[in-house]
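Note on naming: letters A, B, ... go to the chains in the order of the sequence lines (proteins, then strands), and numbering restarts at 1 for each one.
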Amino acid sequence: MYALVDCNNFYVSCERVFAPHLEGRPVVVLSNNDGCLIARSQEAKDLGLKMGEPYHLVKPLLEQHRVKVFSSNYGLYGDMSRRVVQVLSSFTSEVEVYSIDEAFLNFSGLKWLTKGEDLLRYGQRVRQTVLRDTSIPTCVGIAPTKTLAKLANRRARLHGTNGVLLLETPAQWEAALADVSVDTIWGVGRRYARKLLDMGIDTGLRLANMPEHWLRRHMGGVVGQRLWRELHGQPCLEWNPAEWDDEDQLHPAHASRRSVTCTRSFGRPQHDAAALSEAVATFTAKAAEKLRRHGVAAHLVTVILGTDRFAPGTEPKTHTAVVSLSASSSDTTRLAQAALLGLQRLRRPGTAYSRAGVLFSGLEPEGQGQLGLFSAPAANQQRSQQLMQTLDGLNARFGRQLVRLAAQGTARNAAGQVQPPAWAGRSAHRSPLYTTGWNELWEVR
DNA sequence: TCTGGGGTCCTAGGACCC
DNA sequence: TCTGGGGTCCTAGGACCC
């Protein structure tokens with residue numbers, strides 16, 4: 001049995017923890033660059049505000065109903081997420097962190113819980129403890145497969161007992177499947193939903209009642225087949241448990257990551273070579289830090305430049321250039337050299353770009369594969385490792401990006417005042433870094 | 001004027017190589 | 001007339017998830 005714990009409206013909950021007066025008021029959180037709505041409180045949903053809606057289109061409505069607007073504050077959300085997972089891992093060591101606001105618990109190990117009642121009560125205790133220790137509300141769905149646990153979770157708030165729903169028997173999950181539209185099933189996205197509805201397959205149960213080979217044939221091969229089995233109570237999605245390391249960070253137990261990226265939209269289009277270089281160097285530094293945090297090094301550096309995605313026309317809006325390294329690296333200076341080389345190959349003078357980024361792939365554990373004919377001598381590698389450790393240490397202690405490459409440009413103007421670069425994205429409504437920034441700690445007066 | 005970012009897996013054509 | 005086949009890399013795009 002699996003339990004899915006989902007923090008409903010997680011970003012809104014995080015903001016409300018530090019602004020309790022917003023309880024009961026409509027609240028929304030915007031994506032990076034204040035682009036669109038990515039989280040809504042129930043009151044905001046009731047106003048008809050939709051997920052992913054462009055901010056500039058709904059701004060009048062937000063003002064009319066005095067909706068509180070936040071720019072996204074991932075420093076805060078990431079830290080709150082870590083606290084929630086810490087509580088969850090006190091209930092079972094078998095935790096899989098699926099996203100910033102969801103985690104699966106493997107209840108199969110809890111052999112002493114054989115009766116439905118007991119599992120239900122256990123789920124309720126998980127939920128109450130998370131709420132007590134972090135102030136974050138959750139729902140819990142429990143079922144024999146991840147896909148059915150997801151379904152149980154979605155229905156827990158309205159059809160569960162104290163926010164927990166158990167779907168243990170085929171009769172129970174079939175009744176639930178019959179009561180949901182097919183597009184709410186995990187693994188059925190916009191395109192498949194359209195196709196299924198056109199064929200009259202409108203509920204989850206109708207989909208589950210199609211033959212297994214039909215899903216294999218028409219819904220992405222083995223992906224569709226797995227979906228069919230999951231809907232029939234046969235678990236066939238992988239279990240990727242997480243482990244805590246010495247520094248209290250959670251990592252998947254086996255290194256499954258295939259790539260690491262950092263891309264951003266600019267506040268306004270950029271065509272200047274110097275500005276683009278600074279942006280790419282900055283994104284490289286951020287992504288390289290992530291590589292080192294995961295203990296991996298990259299062989300391939302892909303530079304990404306994007307023009308206006310919404311401009312009419314059919315020409316490609318995304319341009320990429322791949323630079324391969326003779327030996328894998330997680331050193332910011334080495335990776336930035338490669339990225340700037342890629343940028344030079346990619347950039348067309350006079351073209352205005354609205355976003356840029358880097359992608360690292362061909363990953364392998366750090367310190368491996370460096371014995372090649374052309375790799376740097378051991379002494380250089382050791383020096384590079386020490387330098388990066390010092391850099392990460394300083395940035396962790398004194399604030400992100402305090403120590404940086406010259407290529408990233410300066411964050412201060414001639415008078416020494418902190419000033420965002422010309423290419424910075426918009427973030428007009430960000431709340432303070434209550435829990436992770438020395439200058440922004442929560443004040444209780 | 002204004003429409004996110006980070007992932008996974010899969011497909012497909014063209015260049016290039018042997 | 002007839003003009004291979006298999007492999008890799010690059011680039012772009014489509015589907016899904018959060």
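A salt bridge does not link A/Asp198 to A/Lys195: none of the charged nitrogens lies less than 4.0 Å from a carboxylate oxygen. Here A/Arg229 pairs with A/Glu212 in a salt bridge; the nearest charged N to carboxylate O distance falls below 4.0 Å. Under a 4.0 Å N-O distance rule, the pair A/Glu43/A/Arg16 qualifies as a salt bridge. A salt bridge links A/Arg155 to A/Asp179: one of the charged nitrogens lies within less than 4.0 Å of a carboxylate oxygen.
Where A/Val223 and A/Met51 each meet DNA chain B at their nearest nucleotide, the meeting point lying more 5' is that of A/Met51. For A/Arg309 and A/Lys290, each mapped to the nucleotide of DNA chain B holding its nearest heavy atom, the one lying further toward the 5' end belongs to A/Arg309.
A centroid separation of less than 6.0 Å is found between the aromatic rings of A/Phe283 and A/Trp423. Between A/Trp239 and A/Tyr2, the ring center distance clears the sub-6.0 Å criterion. A/Phe107 has its ring centre no less than 6.0 Å from the ring centre of A/Phe91.
A/Arg190 comes within contact range of the sugar-phosphate backbone alone, with a heavy-atom separation under 4.0 Å but no base atom that close. Residue A/Asp101 is in sugar-phosphate contact alone, with no base atom involved, counting any heavy-atom pair closer than 4.0 Å across all strands shown. In this structure, A/Ser72 reaches neither bases nor backbone, as no heavy-atom distance under 4.0 Å exists between it and the strands shown. No contact: A/Glu53 has no heavy atom under 4.0 Å from any strand. Across all strands shown, A/Lys195 has no heavy atoms under 4.0 Å from either base or sugar-phosphate atoms. At a threshold of 4.0 angstrom between heavy atoms, the contacts of A/Tyr98 are confined to the sugar-phosphate backbone, with no base atom among them.
Donor-acceptor pairing under 3.5 Å is lacking for the side chains of A/Arg83 and A/Gln86. Of the N and O atoms on the side chains of A/Ser354 and A/Asp308, not one donor lies less than 3.5 Å from an acceptor on the other residue. Of the N and O atoms on the side chains of A/Ser265 and A/Asn33, not one donor lies less than 3.5 Å from an acceptor on the other residue. Side-chain polar atoms of A/Asn106 and A/Ser108 form a donor-acceptor pair below 3.5 angstrom.
In 5' to 3' order, the nucleotides of DNA chain C bounding all contacts with chain A (an atom under 4.0 Å from a heavy atom) are C/dT11 to C/dC18.
Taking a 4.0 Å limit (strictly below) on heavy-atom distances, residues 137-149 of chain A does not reach DNA chain B anywhere.
Using P as the reference atom, C/dC18 and B/dT3 are 25 Å apart when rounded to the nearest Å.
Looking at DNA chain B, the stems built from 3 or more consecutive Watson-Crick or G-U wobble pairs, each pair with its key distances under 3.5 Å, are B:5-18 with C:5-18.
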